[in-house]
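As a basis for the values below, the full set of heavy atoms in this structure was taken, side chains included, without hydrogen atoms, waters or symmetry mates. Counting starts at 1 for both ligands and their atoms, following the listed order. In this text, all values refer to a predicted model and were calculated from it rather than measured experimentally.
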Amino acid sequence: MRYKELSEVYERLASTSKRLEKIKILSDFLIKIKDGEEDIIYLLTGEIFPDYEEKKMGINSQLVIKSLSKSLGVDKEKIVEEWKKIGDLGEVAEKLIQKKKQITLQFSVLTSEKVLKNLRKLPELEGEGTINKKLSLIIELFNSISGLEAKYLTRTLIGDLRIGIQESTIREALSLAFFNGNKEASEKIQNSINKLNDLKEIFLICKQKDLKRLDEVKLIPGKPIKVMLAQKVKTIEEGFKEVGIPCAIEYKYDGIRIVIHKKNNKVFLFTRRLENVTKQFPEVVEYILNYVKGENFILDSEVVGFDEKTKTYKPFQNISQRVKRKYEIEKLRKELPVEVNIFDILFYNDKDLINMKFEERTKLIRKIVQEIPFKIRCSKQIITSNINEAKKFYEEALKNNQEGIMLKNLKAIYNPGSRVGHMLKMKPEQRDFDLVITGGEYGTGKRSGWISSFIVSCSDEGEYLEVGKVGTGIKEKSEEGFSFEELTEKIKPLIIKEEGKKVFIKPEIVVSITYQEIQKSPTYSSGFALRFPRFVSIREDKPLSEITGLEEIEEEFKNQKN
Ligand code: AMP
């Protein structure tokens, strides 16, 4: 398919803010995709691979500016100047290319397949001359492109497509295109997305226009899945009412959620962000191979840090480094040891278990896991209908340095990717939110050269709304913990725009922020501002889809007034 055709669809999607219109535009487009062209689905969401694929284009705005400059023979400074004026690098590219085309009257046909082919080569490039090779792949595309195409290619490259499409819009469009918008179909499509995390695969299934095919979608050990999420409760009484009694109550460990897969004697570990972290946790791989029976399986777990000497548990922020660190792993493993706590099972010896009742799944775990304290355990659990017993268990969890408890309905199934009312979390009131960094400001004096304050945002139906500015809780130097220097390095490739000292940042880095109070505020787009916000940790493991929503902030604001 011509890239122009896809760009026109992007443009139509961008030009309306109405969700139903977007769904209709997308649905009409999906029907037109021919056999063999299905990879275009990834481009539709601004990606080049399925969700679980870790290969990234690794392109920042500076590289795009360089490519544009070379392709058009326009000074980089001029492009940056235009960017500051217009605010969107995509529109700058569009304008510059339109101008050039008027002079050279060049025509050519760029296909979406060619765009994908070049973009997919980018992550493969390594070592010497990488930048130049990347540049030439991008320039090749810019050389044969119209203004509109350049706008969307640029936005794809910097990861800021701005067409207002979310996974749910694609789901509804698939349902409309192939099942007349049937509600049941939408649900089944969502379930399949949660299991497979590959929109192209789902598209191919939907194309058969047979709901049964969607039912047949199974988990595949080795392929990451989205985890089931918990709703919050404030009291045990409320929890009992919600999940029914008797129910299972477990420790809520304060660690890293890891989904463990075993297949052909190999173990794979994935975060809730679907990132493969097998290399980062060699001891977990050993424990699984040595202490869990079964040919193949998928387990849900929380990996918790502990102090080797005192044998006490440590909070998440003390071991958060283990998620990302790819060097000196053996050293880190000794310094920050972890214990695996298995709390669910989704697949066992070729059988998908997500429709099995929790009481049976939890029994199975206890049959197949050999528990070795401070290596691997089944999550600590009681099954009860007694409020006092439950309260005692909650106190015990807190005394053991855990975050609180989870309450689980014994009859419930496992719903990948959903926040469900049959698994609840309860922890002491704690004023913290998981937010995403969307902006910042370069510091002055000792901190010049670093971004030293950060704008953080919550989510609201796919948009990110600002709730405050944080500069405390971050260290000056790297040795002392997470530093301005390190954070600046992480953020640089994500800068979408700079305006004087201010930077606009692509939402990607999730952080835990504590605060003392929520206030109404006209300064920030959410309408709220956090008072005395303080940085606690980076949540490398949490996806954007799980950050605090505006609703939760509104609710906390109301509670606080009461
Ligand atoms: P949430 O992430 O908001 O759904 O909060 C629940 C989180 O608690 C899960 O994602 C897990 O990472 C963590 N967790 C700790 N212990 C357990 C447990 N026993 N069962 C389920 N989740 C647990």
Side-chain angles (χ1 to χ4, degrees), residues 194 224-234 239 242-243 247-260 269-275 277 284 298-306 313-317 319-320 322-323 338-346 358-359 361-362 365-366 369 371 376-383 390 393-394 396-398 400-410 412-428 430 432-435 458-459 510 512 537 539-549 551-552 555-556:
N194 293 339
I225 44 164
K226 293 205 182 103
V227 294
M228 177 163 81
L229 301 170
Q231 286 177 16
K232 236 195 228 164
V233 279
K234 294 221 155 60
E242 196 71 34
V243 292
C247 64
I249 305 183
E250 296 178 356
Y251 276 14
K252 182 181 192 311
Y253 298 94
D254 185 11
I256 304 162
R257 181 128 184 210
I258 302 279
V259 181
I260 302 164
L269 310 176
F270 297 104
T271 64
R272 56 210 292 166
R273 222 168 163 150
L274 314 183
E275 279 170 336
V277 288
V284 175
I298 304 178
L299 306 170
D300 202 350
S301 79
E302 188 88 357
V303 165
V304 203
F306 63 90
Y313 290 107
K314 289 181 180 174
F316 165 79
Q317 73 232 47
I319 58 155
S320 63
R322 291 213 51 181
V323 186
V338 295
E339 177 190 76
V340 197
N341 287 275
I342 312 284
F343 59 77
D344 218 325
I345 182 160
L346 323 186
F358 178 69
E359 58 189 351
R361 301 200 308 273
T362 192
I365 300 173
R366 280 153 180 84
V369 177
E371 296 191 76
I376 184 168
R377 290 194 221 228
C378 302
S379 65
K380 186 137 191 204
Q381 184 191 68
I382 56 169
I383 291 179
F393 191 72
Y394 176 62
E396 181 195 306
L398 297 182
N400 260 315
N401 285 346
Q402 296 308 340
E403 266 196 304
I405 49 170
M406 306 292 296
L407 295 104
K408 302 180 179 183
N409 179 326
L410 291 170
I413 63 168
Y414 191 100
N415 303 86
S418 314
R419 195 171 287 284
V420 296
H422 57 71
M423 173 166 97
L424 306 171
K425 54 184 170 188
M426 181 179 143
K427 55 180 188 178
Q430 203 183 342
D432 64 347
F433 290 135
D434 287 334
L435 302 166
C458 65
S459 68
V510 177
S512 261
S537 62
R539 298 293 320 213
E540 303 273 14
D541 57 326
K542 278 216 172 176
L544 274 181
S545 55
E546 290 178 27
I547 67 168
T548 301
E551 258 172 50
E552 195 179 330
E555 196 182 312
E556 291 297 330

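Heavy-atom distances between Lys380 and ligand 1 stay at or above 4.0 Å for every pair. For Arg419, the closest heavy-atom approach to ligand 1 falls below 4.0 Å.
Both tests pass for Arg539 against the ring of Phe316: distance under 6.0 Å to the centre and angle within 45° of the axis.
Checked by atom type and distance alone, the side chain of Tyr414 pairs as donor or acceptor with a backbone atom of Met228 at under 3.5 Å. In terms of modelled atom types and a separation under 3.5 Å, the side chain of Thr271 and the main chain of Arg273 share a donor-acceptor contact. Looking at Glu302, its side chain never comes within 3.5 Å of a backbone N or O of Asn341 through a donor-acceptor pair.
Close contacts of ligand 1 with Arg257, meaning ligand atoms under 4.0 Å from a residue heavy atom, involve 9 (C), 10 (O), 11 (C), 12 (O). When each atom of ligand 1 is checked for a heavy atom of Ala230 under 4.0 Å away, the hits are 4 (O). The distance from ligand 1 to the heavy atoms of Leu229 drops below 4.0 Å at these ligand atoms: 4 (O). Within ligand 1, counting atoms from 1 as listed, the ones closer than 4.0 Å to a heavy atom of Lys252 are 5 (O), 6 (C), 7 (C), 8 (O), 15 (C), 16 (N).
Within the 4.0 Å heavy-atom criterion, the part of Glu250 lying near ligand 1 is the side chain and not the backbone. Residue Phe343 touches ligand 1 through its side chain alone, judged by heavy-atom distances below 4.0 Å. Here Lys232 has no heavy atoms under 4.0 Å from ligand 1, in either its backbone or its side chain. Under 4.0 angstrom from ligand 1, the non-hydrogen atoms of Arg272 all belong to its side chain.
What sits closest to atom 1 (P) of ligand 1 on the protein, heavy atoms only, is Lys425 NZ, 3.3 Å. Counting only heavy atoms of the protein, atom 20 (N) of ligand 1 lies nearest to Lys408 NZ, 2.8 Å. Taking atom 16 (N) of ligand 1 as the reference point, the nearest protein heavy-atom neighbour is Tyr253 N, 3.0 Å. At the shortest separation from atom 12 (O) of ligand 1 among protein heavy atoms lies Glu302 OE1, 2.4 Å.
Among the atoms of Tyr251, some N or O lies under 3.5 angstrom from an N or O of ligand 1.
In terms of heavy-atom proximity, Cys378 sits nearest to Val369 at SG-CB, 3.9 Å. Summarising the geometry of Cys458 relative to Thr548, their closest heavy-atom pair is CB-O, 3.2 Å, with the distance given to 0.1 Å. What you find for Arg366 and Ser379 is that their closest heavy atoms are NH2-O, 2.7 Å.
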- Please walk me through it: do Glu403 and Lys425 pass salt bridge (charged side-chain N to carboxylate O under 4.0 Å, His left out)? CA-CA 9 Å; Glu403 266 196 304; Lys425 54 184 170 188; over 6 Å; no
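Below 30°, between 30° and 60°, or above 60°: for Tyr313 and Tyr253 the angle between ring planes is above 60°, a perpendicular geometry.
Using a 4.0 Å cut-off between a side-chain N of Lys or Arg and a carboxylate O of Asp or Glu, Glu551 and Arg419 do not qualify as a salt bridge.
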